[in-house]
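Encoded as structure tokens, the structure appears first; notes follow it.
Quantities reported herein were computed from a predicted structural model and do not represent experimental measurements.
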Amino acid sequence: MKSDTFPVPGATIYHEIRGTGPVLLMLPGGGGDANGSDEMAELLAPHATVITMDARGYSRSTLDSGRPEQQHVRVQSEDAYLLLRHLTDEPAYVVGGSDGAIVGLDLLTRHPDVVRGLLAHEPPCFAVLPDAEEHRAFVTEVAHLARTDGMAAASQRFLDGIGGAMAPSPEPSELTPHQTAMWARLAVNAPIMMEYELCEFTSYIPDFATLATQADRLVLAVGADSRHLLPARPAARIAERLGLEAVDFPGMHNGARTHTLEFAARVLELLGIQRYARGGSIQ
């Protein structure tokens with residue numbers, strides 16, 4: 001594994017590179033971290049050159065201003081575009097979960113030339129739902145609680161509002177020192193995400209007309225165990241608008257962590273990466 005940084009307007013993006021073969025960029029969820037995809041990246045590395053990253057303003061991707069700033073989908077997708085253009089001349093596979101899936105949708109819409117295929121797992125675009133106003137009020141309340149009452153209150157309201165769509169986090173005693181350091185970074189990222197990203201990203205409405213022209217390169221995915229819950233509903237709605245089917249992936253909203261082996265196998269299958277494999281298989 002090799003780590004590096006890359007300057008973009010207003011920020012410096014930390015990223016890690018593993019493997020050989022076609023480039024596959026993994027976009028983290030809100031407040032996420034490149035190392036949240038370590039296990040997945042190791043499984044995919046025999047088949048692809050896997051790039052993981054910290055989004056701007058989180059973990060090791062620093063902002064030039066030195067302080068938290070409002071996060072925007074368009075800005076994060078531009079960061080991903082610039083990073084890909086820096087690393088490769090070829091179109092790349094892109095996998096995004098949660099807010100990373102929203103960034104992936106925007107990337108495919110605005111820069112289709114850099115995307116060979118996109119797997120978007122449960123993008124929480126609540127604004128596309130018929131009861132969008134209810135969910136807008138919910139995320140606004142979470143952001144307010146993060147500012148006024150602290151993370152414990154905001155996190156509990158968030159978990160209640162998404163209806164148990166997340167499998168529990170691992171116990172600290174189960175973590176390696178490397179993982180412990182990552183979870184410490186995530187704890188710092190969480191209030192930034194809730195105050196500066198949550199409302200903005202969940203209000204994102206894809207450009208359906210443009211996205212429809214790229215639908216053959218798009219896989220919309222939901223957790224098999226969370227398909228009926230709030231974070232999965234937008235994927236089903238977007239798929240319906242585009243004439244696609246939302247496909248099941250193992251686990252819940254965070255199934256990439258809890259069912260990593262099966263999840264990685266589905267990524268290879270649905271994006272068609274196996275035919276480009278340079279060796280190895282997922283058993």
Side-chain angles (χ1 to χ4, degrees), residues 10-11 27-33 36 54-59 61 63 65 67-79 96-107 109 120-169 185-208 211 220 222-223 226-238 241 252-254:
L27 297 169
D33 187 292
D54 300 343
R56 65 164 54 215
Y58 296 115
S59 296
S61 285
L63 295 169
S65 66
R67 55 178 174 75
E69 299 174 358
Q70 185 65 41
Q71 295 280 356
H72 299 283
V73 175
R74 187 183 184 95
V75 174
Q76 285 198 21
S77 75
E78 192 69 14
D79 290 344
S98 194
D99 282 6
I102 296 176
V103 174
L105 290 173
D106 195 68
L107 179 66
T109 300
H121 184 268
E122 296 200 357
C125 305
F126 299 159
V128 306
L129 299 175
D131 48 357
E133 286 304 313
E134 174 186 339
H135 305 307
R136 177 69 176 177
F138 153 56
V139 296
T140 300
E141 181 184 357
V142 171
H144 176 74
L145 286 171
R147 289 190 296 270
T148 60
D149 290 30
M151 280 305 297
S155 296
Q156 189 58 57
R157 178 67 184 98
F158 178 73
L159 292 174
D160 290 345
I162 63 174
M166 301 275 284
S169 301
R185 293 192 298 269
L186 295 182
V188 175
N189 293 348
I192 300 172
M193 186 278 290
M194 289 189 174
E195 291 186 46
Y196 294 94
E197 179 168 319
L198 182 63
C199 293
E200 175 80 12
F201 277 54
T202 55
S203 297
Y204 178 81
I205 298 176
D207 178 347
F208 284 103
L211 199 56
L220 286 153
V222 297
S226 56
R227 174 180 274 274
H228 60 292
L229 299 175
L230 176 59
R233 289 177 55 206
R237 183 81 170 182
I238 295 168
R241 288 280 301 269
M252 305 183 81
H253 190 63
N254 53 352

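For the residue pair Pro123 and Ala235, the shortest heavy atom distance occurs at CD-CB, 3.9 Å. Annotation for Ala55 and Ser61: closest pair O-CB, 3.3 Å, computed over non-hydrogen atoms. What you find for Ile238 and Cys125 is that their closest heavy atoms are CD1-SG, 4.2 Å. Here the closest non-hydrogen pair linking Leu211 and Pro206 is CD2-CB, 4.0 Å. Nearest heavy-atom pair across Gly96 and Ala101 is O-CB, 3.3 Å. Pairing each heavy atom of Ala153 with each of Leu145, the nearest pair is O-CD1, 3.9 Å.
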Take Glu122 and Ser226, measure what side chain to side chain donor-acceptor pair (under 3.5 Å) needs, and give me the verdict at the end.
CA-CA 9 Å; Glu122 296 200 357; Ser226 56; 2.7 Å; yes

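Note that CE of Met252 is 5.5 Å distant from CG of Leu229, once rounded to the nearest 0.5 Å. Residue Ser77 holds its OG atom at 6.0 Å from CG of Leu107, rounded to the nearest 0.5 Å. Glu197 CD to Thr202 OG1: the interatomic distance, rounded to the nearest 0.5 Å, is 9.5 Å. Annotation: the span from Leu27 atom CG to Ile102 atom CD1 amounts to 11.5 Å, rounded to 0.5 Å. If you take OG on Ser169 and CG on Asn254, they are separated by 7.5 Å, rounding to the nearest 0.5 Å. Note that CG of Leu105 and CZ of Phe208 are 9.0 Å apart. Values are rounded to the nearest 0.5 Å.
The side chain to side chain donor-acceptor pair (under 3.5 Å) test applied to Glu200 returns His72, not counting sequence neighbours. Listed by chain and residue number, nothing satisfies the side chain to side chain donor-acceptor pair (under 3.5 Å) test with Thr109 (two or more places apart in sequence, or in another chain). Residues passing the ring-ring contact (aromatic ring centres under 6.0 Å, His included) test with Phe126 are His135, sequence neighbours excluded. In this structure, the side chain to side chain donor-acceptor pair (under 3.5 Å) partners of Gln71, at least two apart in sequence or on a different chain, are Gln76. A search for side chain to side chain contact (heavy atoms under 4.5 Å, CB included) contacts involving Leu63 returns Ala11, Arg56, Ser65, Glu69, not counting sequence neighbours. Residues passing the side chain to side chain contact (heavy atoms under 4.5 Å, CB included) test with Ala190 are Met151, sequence neighbours excluded. Under the rule for a salt bridge (Lys or Arg N to Asp or Glu O under 4.0 Å), Glu195 has no partner lying at least two apart in sequence or in another chain. Judged as a side chain to side chain contact (heavy atoms under 4.5 Å, CB included), and not counting sequence neighbours, the contacts of Thr140 are Arg136, Cys199. Not counting sequence neighbours, Tyr196 has no partner by the side chain to side chain donor-acceptor pair (under 3.5 Å) test. Scored by the side chain to side chain contact (heavy atoms under 4.5 Å, CB included) test, Ser59 finds Asp33, Asp54, Arg185, Asn189 as partners (sequence neighbours excluded).
Using a 4.5 Å heavy-atom threshold, the side chains of Arg237 and Pro130 count as touching. Residues Phe201 and Val103 form a side-chain contact, since some pair of their non-hydrogen atoms from C-beta on lies under 4.5 Å apart.
Annotation: salt bridge (charged side-chain N to carboxylate O under 4.0 Å, His left out) contacts involving residues 139-165, sequence neighbours excluded, comprise Glu141-Arg157. The ring-ring contact (aromatic ring centres under 6.0 Å, His included) analysis of residues 138-168, with sequence neighbours excluded, yields no pairs.
Heavy atoms of other residues, nucleotides or ligands lying less than 6.0 angstrom from CD of Gln70 number more than 12.
In summary, the side chains of Ser98 and His121 do not present any donor paired with an acceptor at a separation below 3.5 Å, with no hydrogens or angles considered.
Not a single donor-acceptor pair under 3.5 Å links the side chain of Ser155 to the backbone N or O of Ala152.
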